[in-house]
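One structure below.
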Number of protein chains: 2
Amino acid sequence: MTETETLDRNRPETATATGGERKRGIDRVIILLEALLRQRAPMRVGDIARRIGAPRSTTYEIVNRLLEADMLETVGTDGHVYFGRAMHLFGWAYSHHNAHYPRIIETLDRLAAETGETVQLCSLRGNKYVVLDCRDSAGPFRISSQVGVEVPIPWTASGRLLLSHMDEDAVRAFIPPEDYRLPDGRWLPQEEFLAAIALARQQGYSESAALADRFTWCLAAPILDGRGAMTLTLCFVLPIDTPEARRIELLALLRERAASLGLVGE
Amino acid sequence: MTETETLDRNRPETATATGGERKRGIDRVIILLEALLRQRAPMRVGDIARRIGAPRSTTYEIVNRLLEADMLETVGTDGHVYFGRAMHLFGWAYSHHNAHYPRIIETLDRLAAETGETVQLCSLRGNKYVVLDCRDSAGPFRISSQVGVEVPIPWTASGRLLLSHMDEDAVRAFIPPEDYRLPDGRWLPQEEFLAAIALARQQGYSESAALADRFTWCLAAPILDGRGAMTLTLCFVLPIDTPEARRIELLALLRERAASLGLVGE
DNA sequence: CATTTTTGTCCGATATACTAGACAGCGCGT
DNA sequence: ACGCGCTGTCTAGTATATCGGACAAAAATG
C-alpha cells in the first residue's frame, strides 16, 4: 500500500481522517491546498486541521510557513486563511506560459460580450473535468459556473471532445465507474458515452442537452494546440429553452472562434 | 549576488546555500516555486537542484510529488517542468475571492481597449512591488511589463501610493536601503521619496517620469477596498514623450475608473 | 459568574524524511 | 571507440520534522 494515495481525486473527502499516521510536510501542504480549493472560502486553522486529518500543532506549523511565503494569507480578524498572492503569481505564470493564452482569454471575453451568454474555457485535470476560466452571462437567470471544481467527465459536453483522442478501451479504463452516474441519479450507459465521444470526434464539436442539469444546453468546440492535441475547449452554457436557430448560430460562432485559436501554434 | 539566495525577505542567513544544510521539504517546495517564478520558464530538474541549492535526489523527490499533485507539470519531451494546472486554480481562487475582482479586470480591459496604452494592476508583496495583471499596449513600441516580478518600491509611482498609509518612520523601517538605488545607478534620496509619498497621499494619485527607466512615464491611481485601505493601484505606463494634454486626459480617466472601483465594498 | 470549547504556542521523544553517494543508461563531442 | 556529463532511480543512515500532549488565554456557552 502506497502512502501516495493521499490526494487522489476520488477520495470521498469525508473519511480518510484516520489519525495516527505520520505524514510529510509536503503531503500535508498539498492536501491542505486542495481542501481549501474545495471549500472555496477562507477557513480557520482548527477547521483545516480537522478537515485534512492533521494534528493541530502540525497544521499551525505548516499554515504559518505558508503564510510567510505568501502562499496563504489571513482573511479578516478571526484567524481565517485563504490562498495568498504568491498563488496568483504562480497561476498567472502557468496560464501565460502558453504564449497565446492571452488570445484565448480575449476570445472568451469577446464571445461573452457579443452574445451575452455564459462561456467557459474547459480542460481536464486527471480524470476529471474542470473549468479553467469563465464569463458568466449577465441576465437575470444567470447560469454561473465554478472555476476549479472537478466534475465527472461524462457529465459534460466538453468531456466528449477532450477524450476524443482516446480509443474505447482507454476511455473505459480512464473513467471511474461511478462517474457515469449523473447528478439526477440516472446512469449514463457506457456505450452511449463512447458513441457520443465518437460522434464528437467526427463532428469536431459536441452538444449536450440536460446532461449535468435539467436547465442547460451545452455547446463545446475544441482548441487545438501547436501539436494538434486537443487539451482545451470553449463552451457555451445556454438555457435549455434557447431557440434552435440561436443555438445553431452560436455553435457556428463558437466553432469559428475556437478554430481560429488553434493552428497558430509554435 | 549568487542566484541561490532566491528571494527570501525574512531570513537574513542562508548565504552559502552550497553548504550541507538539511532543510524541510516544505521549505524546499517554497524555494523551488519561487525560483521557477523568477525564471519564468520551464526548467530541468538538474538545473532546479543547482539553482535552489538542494541535493539532486531531494529535488527529484519533491518535483515528482508536485507533478503528482498537478502543481507542476512537464513541458516538452526533455524533462522540463513548470507550474501546473493546480496553480492556476489556486491563483484563480485567490483572485476571485475578492468579490469585485472581475470588475477590476473588466476595468483593466476597458482602459486598455479604449486608450491603447499599457495598463497595470499593481500591489505589494512583502516589501516589494509587483504587477498582478496587465494589458500591454499593442503599438509597435510596446512597453510590456512582467507580472509577478518583484521590483523595489521606490522605483514605482504606484509604490508611493501604496505606502501612503504609513508614517515616515514606518516607511524608513520598511524599505531596504539598497532599494533606493535606481536601475540606472542613481540613488534616490530618502527624503525625496518620503516627500513623494506625502504628495501622493495628498493628491490621491502619483506620477513619475523616467524613474524605473528612461523611457516611461507612469500614472497611478488607488483602488480603495471595502475598508478604505489602499492595497491596489491601477497604473498607466506611457512612453515618456506622451504629450502633456494626453497625459492629463489619461490621468483623469484613470482616477475616475479607479475611484469607481472602490467604496462598493463588502 | 462558572463551565466548556477553542485558540495559539511550546516541548520532548522518536519515526522518518532528507541527504550523500552509488549506479546504469543515454547523448554528445572528439 | 572512448570519455565526459547528465539523467533518473535506489539505498542506508542519521539529523530532525512531525506528533501528542500540555498549557494559558480567549471565546463561547449556560
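In what follows, chains carry the letters A, B, and so on, assigned in the order in which the sequence lines appear, proteins first and then strands, with residues in each chain numbered from 1.
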Atom pair distance, as rounded to whole Å: [atom1] in [X] and [atom2] in [N]:
X       : N      : atom1 : atom2 : answer
B/Ile62 : C/dC18 : CD1   : C1'   : 9 Å
A/Arg56 : D/dA22 : CZ    : P     : 13 Å
A/Arg50 : C/dT7  : CZ    : C1'   : 12 Å
A/Arg44 : D/dA26 : CZ    : P     : 17 Å
A/Asn64 : D/dT18 : CG    : C1'   : 15 Å
A/Ile52 : D/dC19 : CD1   : P     : 9 Å
A/Met43 : C/dG8  : CE    : P     : 14 Å
B/Leu67 : D/dG8  : CG    : P     : 11 Å

Handout entry: Among A/Arg40, A/Arg125, A/Arg51, salt bridge (Lys or Arg N to Asp or Glu O under 4.0 Å) partner for A/Glu34
Key =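 So, applying the salt bridge (Lys or Arg N to Asp or Glu O under 4.0 Å) to A/Glu34 and each of A/Arg40, A/Arg125, A/Arg51, only A/Arg125 qualifies.
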
Exercise for the section: Would you please indicate if the ring centroids of A/Tyr82 and B/Tyr94 are separated by under 6.0 Å? Expected result: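 For A/Tyr82 and B/Tyr94, the ring centres are not under 6.0 Å apart.
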
Ignoring backbone atoms, establish whether [X] has a side-chain N or O less than 4.0 Å from OP1 or OP2 of [N].
X       : N      : result
A/Arg22 : D/dA17 : no
B/Tyr60 : D/dG8  : yes
A/Arg28 : D/dC19 : yes

Problem - Closest-nucleotide ordering on DNA chain D, the 5'-leading residue of B/Ser57 and B/Gly46 - result: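 First, find each residue's nearest nucleotide; the 5'-ward one identifies B/Gly46.
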
Problem - Pairing of B/Arg56 and B/Glu61 as salt bridge, 4.0 angstrom limit - result: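 Judged by the 4.0 Å cut-off on N to carboxylate O distance, B/Arg56 and B/Glu61 do not form a salt bridge.
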
Exercise for the section: Decide side-chain contact (heavy atoms from CB on, under 4.5 Å) for A/Leu234 and A/Gln120; before the verdict, give the C-alpha distance in whole Å, the side-chain angles of both, and the deciding distance to 0.1 Å. Expected result: CA-CA 6 Å; A/Leu234 282 179; A/Gln120 301 176 330; over 6 Å; no

Practice task
Return yes if the base of C/dA17 and the side-chain atoms of B/Arg24 contain a donor-acceptor N/O pair under 3.5 Å, otherwise no.
Solution key: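 No pair found.
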
Handout entry: Partner of A/Ile223 under side-chain contact (heavy atoms from CB on, under 4.5 Å), chosen from A/Thr231, A/Leu121, A/Leu161
Key =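 Exactly one option meets the side-chain contact (heavy atoms from CB on, under 4.5 Å) with A/Ile223, and it is A/Leu121.
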
Handout entry: A/Val45 vs A/Gly25, nearer the 5' end of DNA chain C by closest nucleotide
Key =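 Upstream on the strand: A/Val45.
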
